[in-house]
Each structure stands twice: as C-alpha cells, then as structure tokens.
> 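Below: one structure in structure tokens.
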Number of protein chains: 2
Amino acid sequence: MSYQSRKQIILKILEEKGEAEVKELAQQLDTSEITIRRDLGTMAADGLLFRTHGGAMKLSLVNQPVSFAQKSNMNASQKEQICRLAAAEIQEGDVIFMDCGSTVFKLCDFIKNKRIKVITNSLPVVYELMNTEVEINLVGGEIDKERQAVHGAVAQEHLLRYHADKAFVGVGGISVANGLSAVSEKEAEMTVGMARQAKTTYLLCDASKLETTKYLQFASLSLIQVLVTDETNDAILAPYREVGLRVLN
Amino acid sequence: MSYQSRKQIILKILEEKGEAEVKELAQQLDTSEITIRRDLGTMAADGLLFRTHGGAMKLSLVNQPVSFAQKSNMNASQKEQICRLAAAEIQEGDVIFMDCGSTVFKLCDFIKNKRIKVITNSLPVVYELMNTEVEINLVGGEIDKERQAVHGAVAQEHLLRYHADKAFVGVGGISVANGLSAVSEKEAEMTVGMARQAKTTYLLCDASKLETTKYLQFASLSLIQVLVTDETNDAILAPYREVGLRVLN
DNA sequence: TTGAATTTGATTATTTTTGAGCAAAATAAA
DNA sequence: TTTATTTTGCTCAAAAATAATCAAATTCAA
C-alpha cells in the first residue's frame, strides 16, 4: 500500500475519531510503526494533522479559531423575528451597512445566500459571512476587543468613503421624547456615521428597548427612517409612526 | 491492445476503485508492468491521474484545496524557528505591521504577551491576537475571502495613515538576481505598502523560498532591511549579506 | 516487400520505500 | 526532584518500484 493510500485512510480515521495512536494505526493499516510515524511526520509537515506523542490529532481540535460567543442568544426568538422582517427589505445587489450590535449580528443568518455587499465594523459579522456569497467590506481602524469591532476616528473616515442603500443598526435605547441613546460613545458614533452614509436607516430594536433612555443621548429620531421591532402593542408604536417613522413589526 | 484502449480501461478502473496498483493493472490488461508504468506516466503528465509509488490514484482523492489553517501548519517547526528570531527583535512599545502570510501568522504565538501595537490586514492574525495584551489596528477595505485578508485601493490608503517601527512580511520567492516575487498582485501591493511605511522591514522566509522566483517580480531587495530565515547554509546566505541585508538565522 | 517509426519487453542501475536496532528525548511515575 | 517507560530520530541494510538503455516486435507508408 502506498503512502497516498495510507494518507487517505489515516485522515479518514482522524476525521471520525479525532485522534489516533501510532500502534493502533500500524495495526489497522497492516504496516510497521516506523512507517506510520514517518507518514504522520510528513502529514504534519504538510499541515494535515497535529502530531502528538504517540499519535496524531485532527487539526480542528487543536487550533480552533476564536469563537465569537455572542450575547445574541438572549431573546433569540424576538431577534429572529426582527431580522426576518429586516432581511425581507434587502434586495439582490444592495449595499448595506451593518453595525456591531447583537441584534444586527443575527441578521447574518438571513442574508447568507443573498448576492449583496456588506460594509461592517463588526468582526463577528465578518466571521459569520466569511463562507457565504456575500461580499464583505471591513471598516478599518483600531479594534475594540470588548465589542469585537472597529471604532475610532480612522473608522469614521473610512465610512465616509462609502455610500450604501441601507444601514442596519442597533441602539441602547429609543424614546419619542429623547430620541436615540447608547451605552457607549463609540457605538453611538458608528451608528451616526453609518446612518449618514445610507439612503435608508433601519433600527433593529427589540421591545425591551422601546421607550427607554440610556446614559448617552446621541441623536434624534430623524436619524433613522425605519423602526423594526417585535413590539405588537400599537399604543406604544403609534407615536413613532406619528413622527414620520415607518414601523415594521 | 493500443495505448488508447488501455487508457480508457485504466481510467474506468480508477473511477470505480479510486486507486490501483501497477501489478494488478498489468494482469488485468494482460501486458507487462513496464508498459503500465509508461502508460501511468504519460497519463499523469496529462493530468488524468495521480501517480503513486506502485500505482495510481484518482485525482479527486488527492487534490483537496489547502486552507489557510493547513498552510500555517506546513513546516511548522521551521516557521516557529523563524518567528522566534523575529519576535526577539520586537521591543515593548513597538508599533509593527504584519501582513497576511502564513509564516507571519505564526509570529502571533510569540508576541501575545508583549505590550505592542499591531497593524494588520490579516483576519487570522486579528482572531489570534483578540484575547491578548496586544493592541490591534485593522486595515480596512474589501475582504479577499480566499486569503482571509483585506486588500485593495482603500486598504492601501489606510496604510498611508500609519507609520510603524517594524514591518514583518512574507513573500512568494526571493533571489539575489530578481529580488522579491509573489504569486498574487494583492499580496505584493500590501507588502510594498507596509515596507514603505515602516522604519525597518523584516522578511520572514523559509529556506524553500530562497533563490526562487515566482511569476510576479514586484520589488528589489532594497525594499527590505532584514532577512529572517531557517536556512543555515552560509554559502546561500552570503550574497544577501553582501548586498547589505542583515540576515538572521 | 522494404524500411522507418513506434511500441513493447527485458535487463540493469538507480531511486524510493520500508523496517530494525540503538541512542536520545520526552513523558509519566515515584 | 529522580527514575522508569515510552516514543522518537537516526543510520544502515533489505526490498520494492522506477528509470534508463537497448533489442525485439509491431505498425505504417510507400
């Protein structure tokens, strides 16, 4: 049996079991341990597996990339509903902004198969869309590790280069009286930046944020054009409609 | 039986079984082993199959695309040695460029605990440094999914805003006669951009790339100041020293 | 038919692959 | 830590596969 054949079998075994020992492989492939060791050596050099003492492991078990654990599992069903509504607004060929909020992140699931261009400052969004049809443009600048996103002056200037059909943004709080508010200046800055460069700005906002105000009030309601929410109580939504907002729910 | 008829049968057998041995084929086609070897040789040259020792395999079994993760694990120990040398050059407080090569990526392991600032266009580098002390600045622009990196005109302009103490870059090939060469215009552009904005440019280059030239020749040796390599043969390295390069090995 | 070109097979030399033994290194155990 | 065990890397030799060379057989075209 040739090296190539053994290689296929070893990879298959690793794929199934995750790891394997030299002895075990030698027995299964009916060859000597030294041959297996040599095989594992070259395969490790080719980056096909991770060599351990006494055996080998599947690569993905060793160097798994940072997983972007999103807080997006909170209120998952509400967020999904909001994103379903938002995604329905997106046309093939659109250029859209997506900011770094957890609700906006969920939108990824609904646009993976659309042929659109996404401009974002959110690393989880980039990661999520990496293996899809979507073209991605990443905002450059300093990375805010806490938010897993790019913020700052250079990021703002980067935004100015682009114009998009739609911007999808999140927010800390929204109220008819006080407009939009945020918990972070950075996020507020990015929200404003994207909204200014987009024809239409969609605010994705679950019911718990309606009629709340966070510490930083940063823009009036006129910054956005569409409010997408899971709130069903028309008494709460009516005032937003009255000031000219389109409301999707 | 003619070569053409044997060729059809061999291809059919490979299609069914995935692989076959010379002996086995000689028996089935009622001919000598040397003839089969000759057949397999020409067929492999024509790209119809993959030649193994003792036989042949179907191409689809062998030609799997190599991912970035695999590339970065190829020749891992050489790359580690190179990166250890490179990392020793980095001082606390430095601002450094890192490009999107797989050798440069390995440098991440050695700088995680340094208090430095990294400017990069490589997403794997960003992910790898996300949970470390390192401050990260991400080059903005269009994402090249194949290379998992940012490239293009906007990325170039982004680079111009920054100056760094050191740039750590990879390359497709390097030779005293032809200078630096690459397999992709995008990578070459980024390499030049980083080198121009850095006081000192370090080329991380494993021995296999020394004295090779890839299809795109994009800069002379004067672009870089330091060559970091695992090559130990001074006869090969001497010419680089003679033209004024500092060589670390 | 003749003769040139091609294909095939045999023989030998070279290369590649494999396995064994032993010292060095790494891991586990005390 | 020290000691014992396992695993590995190394060199060398045997075996297998291959390449190279040359001769025989076949094919093809006048």
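The model shown is predicted, which means the values in this text are computed figures rather than measured ones. Residue numbering restarts at 1 for every chain, and letters A, B, ... go by the order of the sequence lines.
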> Does B:Phe97 have any ring pair (Phe, Tyr, Trp, His ring centres under 6.0 Å) partners at least two apart in sequence or in another chain, and if so, which?
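Per chain and number, B:Phe97 pairs via ring pair (Phe, Tyr, Trp, His ring centres under 6.0 Å) with no residue.
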> Which residues satisfy the side chain to side chain contact (heavy atoms under 4.5 Å, CB included) test with B:Ser32, sequence neighbours excluded?
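Only B:Ile34, B:Thr35 meet the side chain to side chain contact (heavy atoms under 4.5 Å, CB included) criterion with B:Ser32.
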> Among residues two or more places apart or on two chains, list those pairs meeting side chain to side chain donor-acceptor pair (under 3.5 Å) that have a residue in residues 231-248 of chain B.
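Non-adjacent pairs meeting side chain to side chain donor-acceptor pair (under 3.5 Å): B:Glu89-B:Arg246, B:Glu211-B:Tyr240.
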> Rounded to the Å, how far apart are B:Ile36 CD1 and C:dG9 C1'?
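Distance check: B:Ile36 CD1 to C:dG9 C1' gives 13 Å.
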> At under 4.0 Å between heavy atoms, how does the protein contact nucleotides 6-20 of chain D? Give one character per nucleotide, 5' to 3', with B, S or -.
-SB-B------SB-B
> Residues in ring pair (Phe, Tyr, Trp, His ring centres under 6.0 Å) with B:Phe68, at least two apart?
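Per chain and number, B:Phe68 pairs via ring pair (Phe, Tyr, Trp, His ring centres under 6.0 Å) with B:Phe105.
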> Quick one: which residue pairs count as a side chain to side chain donor-acceptor pair (under 3.5 Å) with a foot in residues 46-56 of chain A, not counting sequence neighbours?
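Sorted pair list comes back empty.
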> Determine: side-chain N/O of A:Thr35 to OP1/OP2 of C:dT18, distance under 4.0 Å, yes or no.
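Result: no.
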> Under 4.0 Å, heavy atoms only, any strand: does A:Thr31 hit a base, just the sugar-phosphate, or nothing?
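If one applies the 4.0 Å heavy-atom cut-off, A:Thr31 turns out to touch the sugar-phosphate alone, with no base involved.
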> Kindly write out the residues that satisfy side chain to side chain contact (heavy atoms under 4.5 Å, CB included) with B:Arg196, not counting sequence neighbours, or none if the list is empty.
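Applying side chain to side chain contact (heavy atoms under 4.5 Å, CB included) to B:Arg196 gives B:Val192.
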> End-to-end bend of the helix from C:dT1-D:dA30 to C:dA30-D:dT1 (five-pair axes, 10° rounding)?
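Axis-to-axis angle, ends of the helix: 40°.
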> Do any pairs count as a salt bridge (Lys or Arg N to Asp or Glu O under 4.0 Å) and have a residue in residues 70-79 of chain B, sequence neighbours left out, and if so which ones?
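Non-adjacent pairs meeting salt bridge (Lys or Arg N to Asp or Glu O under 4.0 Å): zero.
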> Between the side chains of B:Thr229 and B:Asn249, does any donor sit under 3.5 Å from an acceptor?
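No donor-acceptor contact under 3.5 Å links the two side chains.
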> In whole angstrom, what separates A:Asp30's CG from C:dG19's C1'?
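A:Asp30 atom CG is separated from C:dG19 atom C1' by 14 Å.
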